[in-house]
Amino acid sequence: MTSSELWNRATADRYDAEETEMSSAAVLGPTLDFLAELAGDGRALEFAIGTGRVGVPLRERGVPVVGVELSEHMAAVLRRKVGEDVLPVVIGDMAKTVVPGEFSLVYLVYNTISNLLTQDEQVECFRNAARHLAPGGRFVIELGVPPLRFLPPGQVAVPFDVSERHLGFDTFDLVEQILVSHHFTRDGDDGRYRRDASRHRYAWPAELDLMARIAGLEPERRVADWDGAPFTQDSVKHISVWRKPA
């Protein structure tokens, strides 16, 4: 077991309903184009596949996908969508779990490497990706850039969503590189809000490059989004690609 917090049944059951925007064609289309091109004619392995938001439609595009998922409850939601014979899922943590065979692509999307709360575990995740890649294969991570530029002296919280049915903000431990993502979600029309919180370890792009080097991977590409926009100092996230030498 890694330090990742384990998602329970209630969270898994409402996950898709709360992530409708991230499951939209506008978001998924460029994501799937990007990943399918890198997978080519090979197989893809998704670390932390969750409910299959990306893995299921990528499989529908003809890319053989295998998933690793820590939460049995999240995997159970995925299993309602597609059978094990079509998209196998191994229950385990992404830093250690080994899946048989080689892959042309290993990917980890939507900030999920931050679920690993120590630098050592994040390094092991890179090593595990390299372990599964065929020579010339790629490892892809989607991760937000830590919004520390928004923190004036003495402030430890940054809002990221203020909308009618949801309030979200992150609080930061700048020494341990830990952020806690706080969510206040209005479930009904009675004015009540549900509170949830999750911990994450944030990492800078340069730190990930060093992790990749430790794992024997070489940097190939870094862009600001799945459409391939240039990555700049103002980018709020990045899509990074590392390659296993042939």
- Item | Straight-line distance of S4 OG to L70 CG, nearest 0.5 Å | 6.0 Å
- Message: So which atom in R61 and which in G29 form the shortest heavy-atom distance, rounded to 0.1 Å?
- Response: NH2-O, 3.8 Å
- Residue Q177 excluded, over 12 heavy atoms near CD under 6.0 Å: yes
- Message: Going by ring pair (Phe, Tyr, Trp, His ring centres under 6.0 Å), H183 matches just one of Y193, F169, F160. Which one?
- Response: F160
- Query: Do you know which two heavy atoms are closest between S235 and A224, and how far apart they sit?
  - Reply: OG-CB, 3.5 Å
- Task: Could you walk me through whether N128 and K96 pass the side chain to side chain contact (heavy atoms under 4.5 Å, CB included) test, one step at a time?
- Result: CA-CA 6 Å; N128 200 27; K96 299 178 181 178; 5.7 Å; no
- Side-chain heavy-atom pair V82, R79 within 4.5 angstrom cut-off: yes
- Would the number of heavy atoms belonging to other residues, nucleotides or ligands and lying under 6.0 Å from CZ of R9 be above 12? no
- Task: Using a strict cut-off of less than 4.0 Å between a Lys/Arg side-chain nitrogen and an Asp/Glu carboxylate oxygen, indicate whether E220 and R138 qualify as a salt bridge.
- Result: yes
- Return yes when atom CD of E21 has more than 12 non-hydrogen atoms of other residues, nucleotides or ligands closer than 6.0 Å, and no otherwise. no
- Closest heavy-atom pair and its distance - V63, A39: CG1-CB, 3.8 Å
- Query: Just checking, is any N or O donor in the side chain of N111 or S114 under 3.5 Å from an acceptor N or O on the other one?
  - Reply: no
- Following the transitive rule for hydrophobic clusters with a side-chain heavy-atom cut-off under 4.5 Å over Ile, Leu, Val, Met, Phe, Trp and Tyr, establish whether I49 and F34 coincide in one cluster. yes
- Message: Counting C-beta onward and ignoring hydrogens, is there a side-chain heavy-atom pair between L38 and S104 closer than 4.5 Å?
- Response: no
- Item | Donor on one side chain, acceptor on other, D161 and S163, under 3.5 Å | yes
- Query: Below 6.0 angstrom between ring centroids: does that apply to F139 and F126?
  - Reply: yes
- Message: Looking at every heavy atom in both P30 and A26, which two are closest together, and how far apart are they?
- Response: CD-O, 3.2 Å
- Query: Distance from L117 atom CG to N115 atom CG, nearest 0.5 Å?
  - Reply: 7.5 Å
- Task: Test D16 against K81 for salt bridge (charged side-chain N to carboxylate O under 4.0 Å, His left out), laying out the working first.
- Result: CA-CA 12 Å; D16 286 349; K81 305 172 185 178; 2.8 Å; yes
- Could you verify whether a donor N or O on one side chain and an acceptor N or O on the other, from E142 and W226, lie under 3.5 Å apart? yes
- Message: Within the structure provided, determine whether R80 and T51 are in side-chain contact (heavy-atom separation under 4.5 Å).
- Response: no
- Would you say the side-chain atoms of T31 pair up with the backbone N or O of V27, donor to acceptor, closer than 3.5 Å? yes
- Message: Checking S181 against H200: is there a side-chain donor and acceptor pair closer than 3.5 Å?
- Response: no
- Answer with yes or no whether the hydrophobic clustering places L58 together with L133; edges join I, L, V, M, F, W, Y residues whose side-chain heavy atoms lie under 4.5 Å apart. no
- Message: Please give me the minimum heavy-atom distance between V89 and A75, naming the atom from each residue.
- Response: CG1-CB, 4.2 Å
- Query: Which distance, rounded to the nearest 0.5 Å, do you find between the OG1 of T112 and the CG of L143?
  - Reply: 9.0 Å
- Task: May I ask you to check whether S3 and E121 show a side-chain donor-acceptor distance below 3.5 Å?
- Result: yes
- Item | Flag side-chain contact, heavy atom, 4.5 Å: T171 against L179 | no
- Task: Check whether any side-chain heavy atom of M211 sits under 4.5 Å from a side-chain heavy atom of Q122, and report yes or no.
- Result: yes
- So does E84 have more than 12 non-hydrogen atoms from other groups sitting under 6.0 Å from CD? yes
- Message: The test is side-chain hydrogen bond (donor to acceptor under 3.5 Å, both in side chains); show your working for T11 and N8 and say whether it passes.
- Response: CA-CA 5 Å; T11 302; N8 59 29; 2.8 Å; yes
- Give a yes or no on whether W242 and V223 share a hydrophobic cluster (residues Ile, Leu, Val, Met, Phe, Trp, Tyr; joining criterion: side-chain heavy atoms under 4.5 Å apart). no
- Query: Does the pair R194/E18 count as a salt bridge with the N-to-O cut at 4.0 Å?
  - Reply: yes
- Is there a side-chain contact between L87 and V56 (heavy atoms, below 4.5 Å)? yes
- Task: Decide side chain to side chain contact (heavy atoms under 4.5 Å, CB included) for R165 and T185; before the verdict, give the C-alpha distance in whole Å, the side-chain angles of both, and the deciding distance to 0.1 Å.
- Result: CA-CA 6 Å; R165 307 194 72 86; T185 307; 5.7 Å; no
- Query: Between Y202 and F172, what is the ring plane arrangement, given parallel below 30°, perpendicular above 60°, and tilted in between?
  - Reply: perpendicular
- SB check R199 D170 (cutoff 4.0 Å): no
- Query: Roughly how far, to the nearest 0.5 Å, is the CG atom of L151 from the CG atom of L174?
  - Reply: 6.5 Å
- Task: Output, in order, the C-alpha distance, side-chain angles, deciding distance and verdict of salt bridge (charged side-chain N to carboxylate O under 4.0 Å, His left out) for R222 and D209.
- Result: CA-CA 10 Å; R222 174 165 292 131; D209 285 340; 2.8 Å; yes
- Item | Any R149 side-chain heavy atom under 4.5 Å of D234 side chain | yes
- Message: Let me confirm one number: the CZ-CG distance from R243 to L217, rounded to the nearest 0.5 Å.
- Response: 10.5 Å
- Query: Is there any side chain to side chain donor-acceptor pair (under 3.5 Å) pair reaching into residues 39-49, and which pairs are they, with sequence neighbours excluded?
  - Reply: E46-Y107
- Message: If we ignore hydrogens and angles and just use 3.5 Å, is the side chain of T97 paired with the main-chain N or O of D93 as donor and acceptor?
- Response: yes
- Measure the CD-OG1 distance between E124 and T118 for me, rounded to the nearest 0.5 Å. 9.0 Å
- Query: F47 vs H132 aromatic rings, parallel, tilted or perpendicular, using cut-offs 30° and 60°?
  - Reply: perpendicular
- Message: Counting C-beta onward and ignoring hydrogens, is there a side-chain heavy-atom pair between L105 and L45 closer than 4.5 Å?
- Response: no
- Item | Shared hydrophobic cluster for V140 and Y110 (ILVMFWY, side-chain gaps under 4.5 Å) | yes
- Item | Under-4.0 Å salt bridge between R201 and E207 | yes
- Donor-acceptor contact below 3.5 Å, side chain K244 vs main chain P135: no
- Item | Heavy-atom closest pair, residues A197 and H182 | CB-ND1, 4.1 Å
- Message: Going by side-chain contact (heavy atoms from CB on, under 4.5 Å), name the residues that satisfy it together with S71, two or more places apart in sequence or in a different chain.
- Response: L6, W7, E69, H73, M74
- Any chance the side chains of R53 and S23 put a donor and an acceptor closer than 3.5 Å? no
- Message: I'd like to know if the side chain of D227 and the backbone of A229 have a donor-acceptor N/O pair within less than 3.5 Å.
- Response: no
- Joint cluster assignment, V99 & V109, ILVMFWY side-chain distance < 4.5 Å: no
- Query: Under a 4.0 Å N-O cut-off, is there an ion pair linking R14 with D196?
  - Reply: yes
